[in-house]
Amino acid sequence: MERKQLAPGVHLSYDPAEKLNRCRISIHFTFPIRRQNATAHALLPLVMERGYAGCPDMTALTKKLARLYGADLTVDGRPVGAGRNVCVSVTGIRQRFALAGEDLCAAYTELALGVAFHPCIGPDGFDPEAVAIEKQMLRQSLEDELNDKRLYTMRQTARLFFEDSPMGVRQEGYLDELDALTGAGLADAYHEMLRTASIELMVLGCTPAETERVTGAFLAELQAIRRQPVPPAPFGAMPRRTPLHRVETLDLVQAKLCMAFTLGRPMDLADMAACRLAMALYGGSTTSRLFLHVRERDHLCYYCSSSFQSFTGSMTVSSGIEPGNAARAEEAILEELAALCTGPIDPQELEDCRRGLIAGLEGIEDSLGGIESWYGMEILRGGAITTPAQARADLAAVTEQQVRAVLRRFSLSVSYLLTRKEGPHA
């Protein structure tokens, strides 16, 4: 992967990925999150994906993608700590596979740039009908949150953990703000994103000449925008505190327990390899302590896993349990963490986790999605960009002492239990 700056706050990343038979053009917009625009930013990718000025009809857009040998268009939004990333991406077969010699690179470029820079915005903002349809879809998603008890518990935990921090602004938006959101307000949020975001153009699977054509068309679009890019939000972390314990009751069978831990300070990128191995050892793999001990040996939960967020310096442990096992499960989860921090670590279990991670990293460059996901995250984190090969080497060098040092920094901040109401149950 090669990367270079095109303009202030604008970069190009490109990789010919010659062994793959598809190519991808992606445009990433990354900007600090603002509470007042959270719901607009949640809705924006949904509306943008419906079409653009050159092809505003969804049926026509679907047919256009089909004519391009089943090309794929996606517009995604995701949180990045105290920031947000919106990505417009077009993926299709390489130029050399076009049966009739069509200029596929030009078609993909027109699609990606059209959606990113020429959405369907009229004098009164985004099309009211499109906005109304996607508002209803987002409303249903927000209202259905409680139906997915695991997701609901994790989001409730995050709300308590982050409180009023920018890192706690809800990526899914706020239900009580949907009615007031208009096409004009959504257009304002879009134009602000265009003006202030850091922009990463990623061109994967294209020849150098094709990449140059894509870049030229992209820069031509930027010339029409008065840009004032804002630096991406830095890594953050919640301070240490006395743990909060919350219990919520609903009519359910399987209880959910979610525990949030904080590093207490922003993540140091130099610790990334040790963090990856620590998570795999603690609860991020099928050879982890939480899986083998809490789930398999002690039968305290149906599932139990840990995950780490580098942008927020936080670790989450999520589990599904019998209501009567809640206290024992929480105690066991904490005991396993303490045991890794102070007790013996079998060299074989450490190597099993290490080999699993390295094997996963070996397949990253076998797909465009893997390449973009890896390098996109490396770019968002800032600092020197680590290749998968470098990451494998870093993992191979991580010591038991480094794993312990990482895990010792975590302290429990929030424990949230969603359990059943008292009384008879079927």
Roughly how far apart are Leu111 CG and Ser89 OG, rounded to 0.5 Å? 11.0 Å

Indicate yes or no for a side-chain donor-acceptor contact from Thr262 to the backbone of Met238 under 3.5 Å, with no hydrogens or angles considered. yes

The side chain to side chain donor-acceptor pair (under 3.5 Å) partners of Tyr152 (sequence neighbours excluded) come to Gln156, Glu248

Main chain of Cys105, side chain of Gln95: is a donor-acceptor contact present, judged purely on distance under 3.5 Å? yes

Determine yes or no for a side-chain-to-main-chain donor-acceptor pair under 3.5 angstrom, with Arg404 supplying the side chain and Gly343 the backbone. yes

Kindly determine whether Arg3 and Glu378 satisfy salt bridge (charged side-chain N to carboxylate O under 4.0 Å, His left out), including the steps that lead there. CA-CA 12 Å; Arg3 186 170 187 254; Glu378 286 292 308; over 6 Å; no

Arg408: partners by salt bridge (Lys or Arg N to Asp or Glu O under 4.0 Å), with sequence neighbours left out: none

Quick one: closest heavy-atom pair of Met202 and Gly376, and the distance? CE-N, 4.2 Å

More than 12 heavy atoms from other groups under 6.0 Å of CD on Glu18: no

Looking at every heavy atom in both Ser288 and Ala280, which two are closest together, and how far apart are they? CB-O, 3.2 Å

Indicate yes or no for a side-chain donor-acceptor contact from Glu2 to the backbone of Tyr14 under 3.5 Å, with no hydrogens or angles considered. no

Show your working on side chain to side chain contact (heavy atoms under 4.5 Å, CB included) between Thr74 and Thr91 and close with a plain yes or no. CA-CA 9 Å; Thr74 60; Thr91 307; over 6 Å; no

Heavy-atom neighbours of Asp176 CG exceed 12 at 6.0 Å: yes

Locate the shortest heavy-atom distance separating Gly320 from Gln254; write the atom from each residue and the value. CA-OE1, 3.5 Å

Would the distance check show the side chain of Tyr108 and the main-chain N or O of Ile93 forming a donor-acceptor pair, the cut-off being under 3.5 Å? yes

Closest non-hydrogen contact found for Ala106 with Arg213 is CB-NH2, 3.5 Å

Inspect the contact between Lys19 and Asp366 and indicate whether a charged nitrogen and a carboxylate oxygen are less than 4.0 angstrom apart. yes

Between the side chain of Thr39 and the main-chain N/O of Tyr174, is any donor-acceptor distance below 3.5 Å? yes

Is the backbone of Arg195 close enough, under 3.5 Å, to the side chain of Gln228 for a donor and an acceptor to pair up by distance? no

Check: Glu200/Thr30 side-chain N/O donor and acceptor closer than 3.5 Å: no

What one should report as the nearest heavy-atom pair of Cys304 and Val294 is SG-CG1, 4.5 Å

Between Arg170 and Glu177, is there a salt bridge with N-O shorter than 4.0 Å? no

Tell me if a side-chain donor or acceptor on Arg78 pairs with a main-chain N or O of Gln171 at a distance below 3.5 Å. no

Considering only residues two or more places apart or on different chains, which pairs with a residue in residues 24-82 satisfy ring-ring contact (aromatic ring centres under 6.0 Å, His included)? Phe31-His41

Has Gln390 got more than 12 heavy atoms of other residues, nucleotides or ligands less than 6.0 Å from its CD? yes

Set of side chain to side chain donor-acceptor pair (under 3.5 Å) partners for Ser415, sequence neighbours left out: Glu330

Could you go step by step and tell me if Arg392 and Glu365 meet the salt bridge (charged side-chain N to carboxylate O under 4.0 Å, His left out) rule? CA-CA 13 Å; Arg392 292 193 293 270; Glu365 292 170 307; 5.1 Å; no

Which donor-acceptor pairs under 3.5 Å do side chains of residues 124-133 form with protein atoms, sequence neighbours excluded?
unit_1	atom_1	unit_2	atom_2	d
Asp127	OD2	Glu129	N	3.4
Asp127	OD2	Ala130	N	3.0

Could you tell me whether a side-chain N or O of Glu336 sits under 3.5 Å from a main-chain N or O of Leu290, the two making a donor and an acceptor? no

Do the charged groups of Arg24 and Asp72 touch, with an N to O distance under 4.0 Å? no

Answer yes or no: is there a donor N or O on one side and an acceptor on the other, between the side chain of Lys64 and the main chain of Cys55, under 3.5 Å? no

Nearest non-hydrogen partners of Arg240 and Arg409, listed with the distance: NH2-O, 2.5 Å

Sequence neighbours left out, what pairs pass side-chain hydrogen bond (donor to acceptor under 3.5 Å, both in side chains) with at least one residue falling in residues 351-363? Gln348-Asp352, Glu351-Arg354, Asp352-Arg355

CA sep, side-chain torsions, deciding dist, call: Arg155, Glu172, salt bridge (charged side-chain N to carboxylate O under 4.0 Å, His left out): CA-CA 10 Å; Arg155 286 180 175 175; Glu172 66 274 11; 3.8 Å; yes

